[in-house]
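In this chain, numbering begins with 1 at the start of the sequence shown. The analysis underlying the following values was restricted to heavy atoms, covering all of them including side chains, and did not include hydrogens, waters or symmetry mates.
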Amino acid sequence: MRPSPRLVAVLATLPLALAACGGGGSSSTTPTAPPSIADASADNRPVKAGGTLNVALNADPDALDPSSSTTLVGREVFANMCEKLYDIDASSTLVPQLAAAMPELSDDGKEVTIKIREGLKFNDGTTMDAEAVKKSIDRHRTWEKSARQADLAAVSDVTVVDAATVRLTLTQAFTPLTAQLADRAGMIMSPKALDAEGDNFGANPVCVGPFKFASRTSGSEITLEKAADYYDAAKVKLDKLVYKIIVDPNVRAANLKSGDVQVADQLATTTVKGVQDDPNLAVVAGGGLGYYGMQINVGNVSGSTEKYGEVDTPLGKSPELREAFELALDRDVINKTVYNGLYEPDCLPVPADSPYRPKDLQCPKRDVAKAKQLVQASGVPTPIKVTLTSPNDATNIRLAQVIQQMTKEVGFEVSVQTAEFVTTLDAGRAGKFDVMLLGWSGRVDPDGNLTNIVTTGGSNNYGGMSDPGVDDPIKQAAAETDLAKRTELYGSAMAKIQQVRSVLYLYHSKYYLGTAKNVAGVQYFKDGLPRFVTAGFTA
């Protein structure tokens, strides 16, 4: 099916519309890769010691407290300040970081023994040992303000075996635990700083890391300094990292070109080519674990973690109308029109190269005729009114407008309601929305892209999806260690998600990092977190 002439004409009036989009009338059955840009391995050119690297962030992080933090930009800062028990490498493989080895599991999977690297110090000079690990994990899982409680819900007890060993007792086997400990739930904080700062730890955080916290001016900048007590301090060449908060993507790119910053995170797809064309700059690609799409409210009447009920909207009540809404969409055209073809169109929550990706699930092609049939068969008078909630930045508004025009062809009348991003999240949690644009930064284990977002009672399940065909296999997969069995279970859950359609996935987000040509040694992996431990300026 090709888009109608009217749709092509409307798309052509939108910023960034591509002439080629008129020829892409049907979505591919497999994800489409973005144009080739240098990928996530480190640039290993020699760098000299010293210097300050100015890094532009696209938003101001929340509190720099690993227990309470919920923002992606906060994770970017933590990546260079607060190391974890585990991490991922360039191939997205889980590897030990503060731990000395991968975890040892009991036969029933309910006891997890973790060996801790010896001789490490926090950035305040105090010793990191098993007692410190226990104190941090207990805080993550029990502090009333912690956002890590769900990550560590399976952990019932943390025991210090000896100075270099901790044992986690679980209520049930939980295979994704190592992946959780490769994120904020595995960040270990200085007990001395925790005792001194308490709930205000985020104002003066102390961890193990190549850089230590120095200062913060809210809404403006965060300064980190090289950590003298870091166990691998010889690798660290920079004296300082200064994160500058520059929300506007055009200003972020302009500051990179002018040299006011030497690194800019999450370049808007509108600015990537301009940065690439500058002989003094380079672009590298990372990310891809996360996704962006729409949540449709099918059951969230009083809060995402409260009891679900019946939502009195056409899309909320009718799976057939939700199918028609999806069939009106062309993911490839959306990618070309809104994102210059730089993202990865897809209809599933795990990326195409994930070992957990089911091989038999396909993405539906745009099918206007079938969508119209479903709309007609529903008996709901047209145009069917839908309210689409969107963050109020230019790119999301552009996406909302494209969705608006695509779905108009099959009988929907979409009204776009914009608000600040945080406001849209509040509306999502409360269930005060019809359809909303929403993304997820992604996790290396598929459980992190699913459980809290699509299972009953999940804190981020804003759409109120509740189906045993989703819940049961995801729960079973979390307790399973065999890769093939986990893949089969996740495939079953994702097939059901495709039927329920409370979440319509549109693409996997690629992140584009702009750097000055004289900056080398930056590591940029699929989690989209720039690591500067080996970064510096070329001689």
Side-chain angles (χ1 to χ4, degrees), residues 1 3-4 6-11 13-14 292-304 308-331 333-334 337-338 364 366-393 395-421 423-439 461-466 498-506:
M1 245 337 172
S4 71
R6 182 178 66 215
L7 174 59
V8 174
V10 170
L11 293 180
T13 67
L14 294 171
Y292 205 79
M294 291 179 279
Q295 288 210 31
I296 300 174
N297 193 350
V298 300
N300 182 0
V301 293
S302 57
S304 59
Y308 299 151
E310 184 174 329
V311 175
D312 189 21
T313 63
L315 288 183
K317 292 190 293 187
S318 172
E320 292 77 20
L321 285 180
R322 295 197 292 274
E323 181 180 4
F325 198 83
E326 180 176 24
L327 289 174
L329 304 176
D330 189 315
R331 291 173 170 84
V333 170
I334 288 171
T337 304
V338 183
R366 186 173 201 249
D367 192 334
V368 170
K370 184 177 180 181
K372 286 182 175 179
Q373 290 172 1
L374 289 167
V375 167
Q376 185 176 12
S378 74
V380 180
T382 57
I384 299 172
K385 296 185 181 298
V386 174
T387 300
L388 176 61
T389 300
S390 167
N392 61 0
D393 62 279
T395 303
N396 271 298
I397 292 172
R398 196 158 51 241
L399 171 60
Q401 290 171 334
V402 173
I403 292 169
Q404 182 182 54
Q405 294 302 324
M406 286 181 169
T407 55
K408 183 177 182 180
E409 282 195 67
V410 305
F412 293 98
E413 183 180 306
V414 174
S415 300
V416 179
Q417 183 180 73
T418 64
E420 294 289 338
F421 176 61
T423 302
T424 67
L425 292 182
D426 290 341
R429 293 188 190 98
K432 296 179 179 178
F433 73 99
D434 184 0
V435 182
M436 71 184 302
L437 294 175
L438 195 64
N461 183 0
Y462 298 162
M465 186 188 305
S466 182
Q498 285 190 317
Q499 294 174 19
V500 176
R501 290 185 174 86
S502 178
V503 182
L504 299 181
Y505 305 97
L506 296 176

Fill in: From Phe433 atom CZ to Thr424 atom OG1, the distance as rounded to the nearest 0.5 Å
10.0 Å
Practice prompt. Using atom types as modelled and distance alone, determine if a side-chain donor or acceptor of Ser318 lies under 3.5 Å from a backbone N or O of Leu315.
Written response: no
Discussion item. Checking side-chain polar atoms at under 3.5 Å, does Asn396 have a donor or acceptor matched by the opposite partner on Asp393?
Written reply: yes
Discussion item. Less than 4.5 Å apart, side chain to side chain, heavy atoms only: is that true for Gln404 and Leu388?
Written reply: no
Item to complete: Kindly compute the distance separating CG (Leu327) from CD (Gln373), expressed to the nearest 0.5 Å.
Response: 10.5 Å
Item to complete: Decide yes or no on side chain to side chain contact (heavy atoms under 4.5 Å, CB included) for Val298 and Val311, but give the supporting numbers first.
Response: CA-CA 6 Å; Val298 300; Val311 175; 5.7 Å; no
Worksheet item: If you take all heavy atoms of Lys370 and Glu323, which pair is closest and at what distance?
Response: NZ-OE2, 3.4 Å
Response to the item:
Rounded to the nearest 0.5 angstrom, the CG-OG1 distance for Leu438 and Thr389 is 10.5 Å
Worksheet item: Taking Arg322 for the side chain and Val500 for the main chain, is one N or O donor matched with an acceptor at less than 3.5 Å?
Response: yes
Item to complete: Mind checking the CE-CG spacing from Met465 to Asn300? Nearest 0.5 Å is all I need.
Response: 12.5 Å
Fill in: Any Ile403 side-chain heavy atom under 4.5 Å of Leu506 side chain
yes
Discussion item. Pair Arg366, Val333 - check side chain to side chain contact (heavy atoms under 4.5 Å, CB included), show working.
Written reply: CA-CA 10 Å; Arg366 186 173 201 249; Val333 170; over 6 Å; no
Worksheet item: Below 4.5 Å, heavy atoms only, C-beta onward: do Asp434 and Asn297 meet side chain to side chain?
Response: no
Worksheet entry | Rounded distance (nearest 0.5 Å) linking atom CE of Met294 with atom CG of Leu329 | 5.0 Å
Worksheet item: Given side chains that start at C-beta, do those of Leu374 and Leu321 come closer than 4.5 Å, heavy atoms only?
Response: no
Worksheet item: Ignoring hydrogens and geometry, is there a side-chain-to-backbone donor-acceptor pair from Arg398 to Thr337 under 3.5 Å?
Response: no
Practice prompt. Work out which heavy atom in Ala371 is nearest to a heavy atom in Val410; give both atom names and the distance.
Written response: CB-CG1, 3.6 Å
Discussion item. Is any side-chain heavy atom of Lys317 closer than 4.5 Å to one of Asp312?
Written reply: yes
Worksheet entry | Considering all heavy atoms, the nearest Met406-Ala328 contact | CB-O, 3.4 Å
Item to complete: Kindly determine whether Val380 and Val375 satisfy side chain to side chain contact (heavy atoms under 4.5 Å, CB included), including the steps that lead there.
Response: CA-CA 7 Å; Val380 180; Val375 167; over 6 Å; no
Worksheet item: Is a donor on one side and an acceptor on the other found under 3.5 Å between the side chain of Gln295 and the backbone of Tyr462?
Response: yes
Item to complete: First locate atom CG of Leu437, then atom CG of Leu504, and finally report the distance between them rounded to the nearest 0.5 Å.
Response: 10.5 Å
Worksheet item: Any donor and acceptor pair, going by atom type alone, linking the side chain of Thr418 with main-chain N or O of Pro391 inside 3.5 Å?
Response: no
Worksheet item: Is it the case that more than 12 heavy atoms not belonging to Phe421 sit under 6.0 Å from its CZ atom?
Response: no
Discussion item. Between Tyr308 and Asn461, does the side chain to side chain contact (heavy atoms under 4.5 Å, CB included) criterion hold? Intermediate values first, please.
Written reply: CA-CA 11 Å; Tyr308 299 151; Asn461 183 0; 3.2 Å; yes
